Amino acid sequence: MKNIKQLKIPIILFSIFFVNNFNATIEEFLENPYLIQAPKKIENITKRVAKIMNFNDTYEVTVPKKAGIKINPWNKFVTQGINPQTQNHLLIINPEWFLNIPNEQQDFLLGRYFVIFKLGFIPLSIKILPFFFSFFSIFFIIFLFWSLGKTKIKNYSKWIRFFIAFGISTACNFIFIHKIQIKTLKYFAHKHDLKINRMTLEKTLNKDAAIKALKQLDSSIKKEFKIGETFWKPYTSLFQNHADELKRSNG
């Protein structure tokens with residue numbers, strides 16, 4: 001019994017050390033022409049969400065200057081990136097927009113970015129897709145070269161056969177292969193977004209707030225587009241679609 005009491009304090013100290021080393025750490029951001037360190041109020045919100053999301057890595061929290069919003073319109077709301085100097089994860093939060101939405105919606109929107117920090121902004125499927133299509137193009141040219149060798153063109157030189165095969169391959173790429181590649185990229189990006197939303201909801205546990213948060217972002221983007229910000233044209237239905245799909249999903 002005495003030995004157990006003697007071990008009690010070291011065990012408590014070790015437990016405190018263990019927990020502290022598995023908490024997310026906010027590293028101070030060095031101001032630049034576009035971003036500044038976020039105020040404590042914003043930091044405290046990100047700490048709350050990091051805890052909800054079980055995020056234990058180092059990150060930086062910033063708010064955009066006017067120049068930062070001009071250079072990247074996403075900075076007008078909330079977005080993420082990598083600090084090129086420190087290589088830390090970076091959250092960029094515009095308080096004028098972000099602090100006007102309810103806490104539960106803040107949790108979901110920030111939670112998405114903590115999931116992105118874990119999974120990566122670009123999924124592996126999209127990273128390897130260009131290599132797959134490059135390999136396919138090479139294989140297709142070789143196949144065409146071989147096939148032409150079975151026709152009357154076999155009497156021509158190999159260089160002529162190669163250029164014919166290359167020409168057919170280029171035409172096919174222009175007519176339909178490139179379109180297939182773009183559609184496949186969009187499909188994998190869409191699946192990645194769905195995974196991010198679902199993983200975030202698994203932690204925040206408030207489906208109604210998640211849907212409203214996505215709709216709020218969608219509404220803000222459409223408002224910017226209506227006043228002439230053409231940058232937002234490709235995104236005018238993106239988050240509404242996410243909200244609809246999350247609404248249809250189980251859970």
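Just so it is clear, the structure is predicted and the values come from calculations on it, not from any experiment.
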Asker: For the residue pair Q37 and E60, confirm or rule out a side-chain donor-acceptor distance under 3.5 Å.
Answerer: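 No, E60 and Q37 have no side-chain donor paired with an acceptor closer than 3.5 Å.
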Asker: Which distance, rounded to the nearest 0.5 Å, do you find between the NZ of K222 and the OG of S237?
Answerer: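 It is 5.0 Å, given to the nearest 0.5 Å.
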Asker: Do we see a donor-acceptor contact under 3.5 Å between the side chains of D244 and Q240?
Answerer: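 Q240 and D244 do have a side-chain donor-acceptor pair below 3.5 Å.
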Asker: When the ring centroid of F117 is compared with that of F121, is the distance short of 6.0 Å?
Answerer: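 No - the distance between ring centres of F117 and F121 does not fall below the 6.0 Å cut-off.
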Asker: Give the intermediate values and the outcome of side-chain contact (heavy atoms from CB on, under 4.5 Å) for residues T204 and E104.
Answerer: CA-CA 8 Å; T204 58; E104 295 82 3; over 6 Å; no
Asker: Are I122 and I92 grouped together when hydrophobic residues (ILVMFWY) are joined by side-chain heavy atoms under 4.5 angstrom apart?
Answerer: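 Per the 4.5 Å side-chain linkage, I122 and I92 are not co-clustered.
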Asker: Give a yes or no answer on whether the side chain of Y34 reaches the backbone of K66 with a donor-acceptor pair at less than 3.5 Å.
Answerer: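 Looks like no, no N/O pair under 3.5 Å.
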Asker: Roughly how far, to the nearest 0.5 Å, is CG of N103 from CD of Q105?
Answerer: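 Atom-to-atom, Q105:CD and N103:CG are 9.5 Å apart.
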Asker: The criterion is side-chain contact (heavy atoms from CB on, under 4.5 Å); which residues satisfy it with K186, sequence neighbours excluded?
Answerer: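 Here the qualifying residues are I182.
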Asker: Hey, mind stepping through L99 and N94 against side-chain contact (heavy atoms from CB on, under 4.5 Å) and telling me if it holds?
Answerer: CA-CA 8 Å; L99 294 179; N94 182 9; over 6 Å; no
Asker: For residues Q80 and L90, determine if any side-chain heavy atom of one lies less than 4.5 Å from a side-chain heavy atom of the other.
Answerer: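 SC-SC contact between Q80 and L90 ruled out.
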Asker: Verify whether the ring centers belonging to W232 and F77 lie closer than 6.0 Å.
Answerer: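 When the ring centroids of W232 and F77 are compared, they turn out to be within the sub-6.0 Å range.
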Asker: Is E229 reaching over with its side chain to a backbone N or O of K226, donor-acceptor style, under 3.5 angstrom?
Answerer: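 Not at all, since once roles are kept as given, no pair shorter than 3.5 Å links the two residues.
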Asker: Could you grab the distance from atom CD1 of I45 to atom NZ of K47, nearest 0.5 Å is fine?
Answerer: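 Separation between the atoms: 12.0 Å.
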Asker: With a 4.5 Å limit on heavy-atom distance, are the side chains of Q216 and W97 in contact?
Answerer: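 Sidechains of W97 and Q216: in contact.
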Asker: Compute the ring centroids of F239 and H242, then answer whether they are less than 6.0 Å apart.
Answerer: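 Yes.
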Asker: Between N44 (side chain only) and K40 (backbone N and O only), is there a donor and an acceptor less than 3.5 Å apart?
Answerer: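 The answer is yes, because a donor-acceptor pair under 3.5 Å joins these two groups.
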Asker: Can you confirm whether L91 sits close enough to T79 that some side-chain heavy atom of one is under 4.5 Å from a side-chain heavy atom of the other?
Answerer: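 Side-chain contact under 4.5 Å: no.
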Asker: In this structure, would I26 and I52 fall into the same cluster of hydrophobic residues linked by side-chain contacts under 4.5 Å?
Answerer: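 Yes: a chain of side-chain contacts under 4.5 Å links I26 to I52.
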Asker: Within a reach of under 6.0 Å around CZ of F231, are more than 12 heavy atoms found that belong to other residues, nucleotides or ligands?
Answerer: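 Atom CZ in F231 is crowded, with more than 12 foreign heavy atoms closer than 6.0 Å.
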Asker: Restricting to pairs with a member in residues 157-183, which pass side-chain hydrogen bond (donor to acceptor under 3.5 Å, both in side chains), not counting sequence neighbours?
Answerer: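 Listed once each, the pairs would be none.
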Asker: Are any of the side-chain heavy atoms of L129 and F188 separated by less than 4.5 Å?
Answerer: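 Yes, side chains in contact.
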Asker: Starting at OH of Y113, measure out to CD1 of I93 and round the result to the nearest 0.5 Å.
Answerer: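 The CD1 atom of I93 is 10.0 Å from OH of Y113, to the nearest 0.5 Å.
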Asker: Test your reading of the model: is there a side-chain donor-acceptor pair from K203 to the backbone of V49, 3.5 Å cut-off?
Answerer: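 Side chain of K203 to backbone of V49: no pair is present.
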Asker: So if you build clusters from Ile, Leu, Val, Met, Phe, Trp, Tyr with side-chain heavy-atom gaps below 4.5 Å, do I69 and L109 land together?
Answerer: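 Result: no, two separate clusters.
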Asker: Just checking, is any N or O donor in the side chain of E27 or H89 under 3.5 Å from an acceptor N or O on the other one?
Answerer: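 No, no side-chain donor-acceptor pair sits under 3.5 Å.
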Asker: Can you confirm whether I221 sits close enough to F225 that some side-chain heavy atom of one is under 4.5 Å from a side-chain heavy atom of the other?
Answerer: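 No - every pair of side-chain heavy atoms lies 4.5 Å or more apart.
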Asker: What's the verdict on side-chain contact (heavy atoms from CB on, under 4.5 Å) for R48 and Q106, showing C-alpha distance, side-chain angles and the deciding distance?
Answerer: CA-CA 10 Å; R48 180 188 76 215; Q106 293 175 357; 3.7 Å; yes
Asker: Do you see a donor-acceptor pair shorter than 3.5 Å between the side chains of Y59 and T25?
Answerer: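 Side chains of Y59 and T25: no pair found under 3.5 Å.
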Asker: Strictly below 4.0 Å, N to O, side chains only: are E31 and K65 in salt-bridge contact?
Answerer: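 Yes, E31 and K65 are salt-bridged.
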Asker: Side-chain donor-acceptor contacts of residues 132-150 below 3.5 Å, not counting sequence neighbours, with atom names and distances?
Answerer:
{"residue": "S134", "atom": "OG", "partner": "P130", "partner atom": "O", "Å": "2.9"}
{"residue": "S137", "atom": "OG", "partner": "F133", "partner atom": "O", "Å": "3.0"}
{"residue": "S147", "atom": "OG", "partner": "F143", "partner atom": "O", "Å": "2.9"}

Asker: Checking N75 side chain against I71 main chain: does a donor-acceptor pair fall under 3.5 Å?
Answerer: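 Between the backbone of I71 and the side chain of N75 there is no qualifying donor-acceptor contact (under 3.5 Å).
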Asker: Looking at side-chain heavy atoms only, is the closest gap between S249 and K207 below 4.5 Å?
Answerer: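 A side-chain contact under 4.5 Å exists here.
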Asker: Which heavy atom in P64 sits nearest to a heavy atom in L35, and how many Å separate them?
Answerer: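 Scanning both residues completely, I find the closest heavy atoms to be CA-CD2, 3.7 Å.
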Asker: Could you state the interatomic distance from CG (L205) to CG (D107), rounded to the nearest 0.5 Å?
Answerer: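 The distance works out to 10.5 Å.
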Asker: If you round to the nearest 0.5 Å, how far is CD1 of I164 from CD1 of I168?
Answerer: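 Between atom CD1 of I168 and atom CD1 of I164 there are 7.0 Å.
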Asker: In terms of heavy-atom contacts, does CZ of F166 have more than 12 from other residues, nucleotides or ligands at under 6.0 Å?
Answerer: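 No, CZ of F166 has 12 or fewer neighbouring heavy atoms, counting only those of other groups under 6.0 Å.
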Asker: Decide side-chain contact (heavy atoms from CB on, under 4.5 Å) for L214 and L246; before the verdict, give the C-alpha distance in whole Å, the side-chain angles of both, and the deciding distance to 0.1 Å.
Answerer: CA-CA 10 Å; L214 292 168; L246 203 59; 4.0 Å; yes
Asker: Taking a hydrophobic cluster as the set of Ile, Leu, Val, Met, Phe, Trp and Tyr residues connected by side-chain heavy atoms closer than 4.5 Å, whether directly or through intermediates, do M53 and M199 fall within one such cluster?
Answerer: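 They do share one cluster, since a chain of ILVMFWY contacts under 4.5 Å joins M53 to M199.
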Asker: Could you check if a side-chain atom of V78 sits within less than 4.5 angstrom of a side-chain atom of L110, using non-hydrogen atoms only?
Answerer: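 Yes, their side chains come closer than 4.5 Å.
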Asker: Please tell me if the side chains of L30 and Q85 come closer than 4.5 Å, counting only heavy atoms from C-beta onward.
Answerer: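 Side chain of L30 against side chain of Q85, heavy atoms only: no contact under 4.5 Å found.
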Asker: Indicate, with yes or no, if I101 and L238 share a hydrophobic cluster defined by side-chain heavy-atom contacts under 4.5 Å among Ile, Leu, Val, Met, Phe, Trp and Tyr.
Answerer: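 Same cluster.
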Asker: Do D208 and K212 sit within salt-bridge range, that is, some charged N less than 4.0 Å from a carboxylate O?
Answerer: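 Salt bridge flag = yes for K212 with D208.
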